Amino acid sequence: MGPALAGARIDRGRARVNSLFDAETLRAEFPILGETAYGKPLVYLDNAATTQKPRAVIDALAAYYLHDNSNVHRGAHCLAERATAAFETARDDVAALLNASREEIIWTRGTTEAINLVAQSYGGSTLKPGDEVVISSLEHHANIVPWQQVCARTGATLRVIPLKAEHNGELDLATLDTLINERTRIVAVVHVSNALGIINPVQDIIARARTVGATVLVDGAQAVSHFPVDVQALDCDFYTFSAHKLFGPTGVGVLYGRRALLEAMPPYQTGGEMIEKVTFETSTWNQLPYKFEAGTPHIGGVVAFGAAVRWFRAQDRTAMAAHEADLLAYATQQARAFPGLKIIGDAPNKVAVLSFLLEGAHPNDVGTLLDQQGVAVRTGHHCTMPLMDALGIPGTVRAAFAPYNTRDDVDRLFAALEKVRRFL
Amino acid sequence: MSSGTDGLDMNSLDMNSIGLGRDITADDVVDNLSFFDDWEERYGYIIDLGKQLPPFPAALKTEDRFIRGCQSQVWLELQHDAENGCLHMAVDSDALIVRGLAAIVLAALNHKTPQQIADYDMADYFSKIDLLKHLSPTRGNGVRAMVSRIQGEANARL
Ligand SMILES: Cc1ncc(COP(=O)(O)O)c(C=O)c1O
């Protein structure tokens with residue numbers, strides 16, 4: 001435990017001490033946190049759906065359109081050069097964040113498009129009847145449906161790592177040795193479950209995939225904002241995430257791909273930007289990463305995302321993680337004491353997400369009544385219908401914390417829940 | 001139109017016993033809701049209204065009564081009264097607030113003729129009770145889908 005982690009231990013005797021991490025200073029950087037909902041101060045706990053944006057990111061987006069707007073890689077003029085430089089600097093920032101090289105960072109619209117790119121280009125060009133693709137029970141629809149569809153098209157079979165019998169949301173890794181076998185071509189797993197917050201032991205899954213020579217994609221949409229991700233250390237082939245869940249704008253996503261695989265893969269979409277030479281008969285593809293970036297990209301979004309990544313990397317990430325761990329522990333402790341509350345996915349290894357049900361209450365009713373009190377949560381199946389089916393529940397109420405949340409937010413959540421409980 | 005079950009014996013749902021649209025009218029709902037100024041009273045009333053709706057027996061929770069586009073489960077039963085031409089309705093949901101919103105819809109449309117249903121200004125009703133936000137497609141509670149199903153059934157009988 002580093003000094004910052006140790007520093008986050010809380011003196012329970014003092015009222016409203018969050019940790020040594022200064023969440024209040026951080027909050028001041030997020031203008032939207034000053035909003036009210038129905039006249040009540042906003043408690044934003046829907047951070048797994050999208051995080052809020054710091055001033056640095058909002059300013060970068062405005063500055064781009066105020067000063068630099070131009071198309072990239074094309075115009076021989078001053079603005080085009082500024083726009084291109086900012087756009088490509090963002091790629092360097094993301095490469096550094098993941099410990100990858102810049103040619104391996106492809107801009108997409110989000111995690112969903114990044115996974116579709118891999119499923120269609122890599123899966124579509126390599127899968128054959130009899131091949132198997134392995135995903136897990138914890139997947140978001142974005143990491144189910146693209147594989148399901150490419151399997152249907154190629155004749156490959158989709159297999160699913162099941163949950164443990166005790167249904168605490170953890171995957172049953174005992175099945176890995178049989179599920180991942182010599183027929184397995186692709187393993188696509190979520191790093192952190194969006195519905196439950198559980199951190200998957202992806203290193204074990206990747207290690208098993210390596211023994212059979214399968215290619216591995218990790219859906220990191222819910223991971224990158226919570227802990228450092230190093231794609232070299234992970235030894236995955238593809239890693240995907242969305243800018244908007246990492247304090248950046250919507251409409252931008254990242255696909256990391258191992259260079260040798262990206263070189264070998266056919267393009268996903270074709271058109272401008274991604275070509276080297278075009279005649280009416282044939283075309284040759286541009287070099288990486290541009291081969292996978294057809295058309296004018298979301299330049300402003302990418303530039304603002306670069307600012308988000310720089311902002312994020314400048315934070316004391318260890319202290320941030322300790323603060324989030326404190327929020328989770330504090331919320332979990334209150335949840336356990338709350339009458340009729342059942343934590344869904346009560347596993348030891350989680351990011352700061354509390355998914356739960358109140359006995360006898362539909363999650364949507366709980367969400368609506370929390371909303372009336374200014375507390376923003378997500379309710380429903382969280383785009384993980386097969387997971388909800390496996391757990392035998394219609395959905396959950398999900399409170400997902402970010403570093404700008406405080407113990408006070410947790411207290412307000414439970415005070416509001418207490419009203420809901422008496423109400424329903 | 002699979003949920004129109006003219007003359008069929010639905011024994012376990014007594015459609016006539018549902019007072020919404022007869023004993024509790026749209027005007028009652030508008031009046032009552034305009035009284036309340038905090039969310040607790042408002043939602044308490046909405047949930048109580050929902051309690052006017054009898055739960056469906058499992059046999060009636062069929063695919064053709066199911067309303068799609070809801071995060072919660074919603075079923076609509078609709079019967080045509082051959083004697084007076086009215087449409088009688090019942091709704092069930094596993095979520096209390098959705099059940100309450102359904103009751104608010106039925107206060108306006110239940111036990112009415114297809115012509116009355118087709119002529120009814122739902123947008124005006126909803127704006128009076130300030131529940132429009134519940135009807136945005138993103139809320140996913142299916143109230144909009146329920147209203148269009150009822151209007152569709154009514155239009156088909158004009
Ligand atoms: C684990 C996971 N995968 C994929 C996605 C899809 O991300 P996006 O909608 O940004 O493409 C999400 C977003 O909710 C997610 O949480």
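Excluded from the calculations below are hydrogen atoms, water molecules and symmetry mates; all remaining heavy atoms, backbone and side chain alike, are included. The sequence lines fix the lettering, A, B, ..., with proteins before strands; numbering per chain opens at 1. Quantities reported herein were computed from a predicted structural model and do not represent experimental measurements.
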Going by heavy atoms in the side chains, are A:Tyr38 and B:Trp39 under 4.5 Å from each other?
no

Can you tell me how far apart CG (A:Leu424) and CD1 (B:Ile47) are? Round to the nearest 0.5 Å.
5.0 Å

Does any backbone or side-chain atom of B:Leu96 lie under 4.5 Å from a heavy atom of chain A? Answer side chain, backbone, both or neither.
both

Should the heavy atoms of other residues, nucleotides or ligands under 6.0 Å from CZ of B:Arg42 be counted, would the total exceed 12?
yes

Write down the atom of B:Val98, the atom of A:Asp365, and the distance for their closest heavy-atom approach.
N-OD1, 4.3 Å

Interatomic distance, CZ@A:Arg422 vs CD@B:Glu40, rounded to 0.5 Å, equals 8.5 Å

Flag yes if more than 12 heavy atoms outside A:Glu166 fall under 6.0 Å of its CD atom; otherwise flag no.
yes

So does B:Lys61 have more than 12 non-hydrogen atoms from other groups sitting under 6.0 Å from NZ?
yes

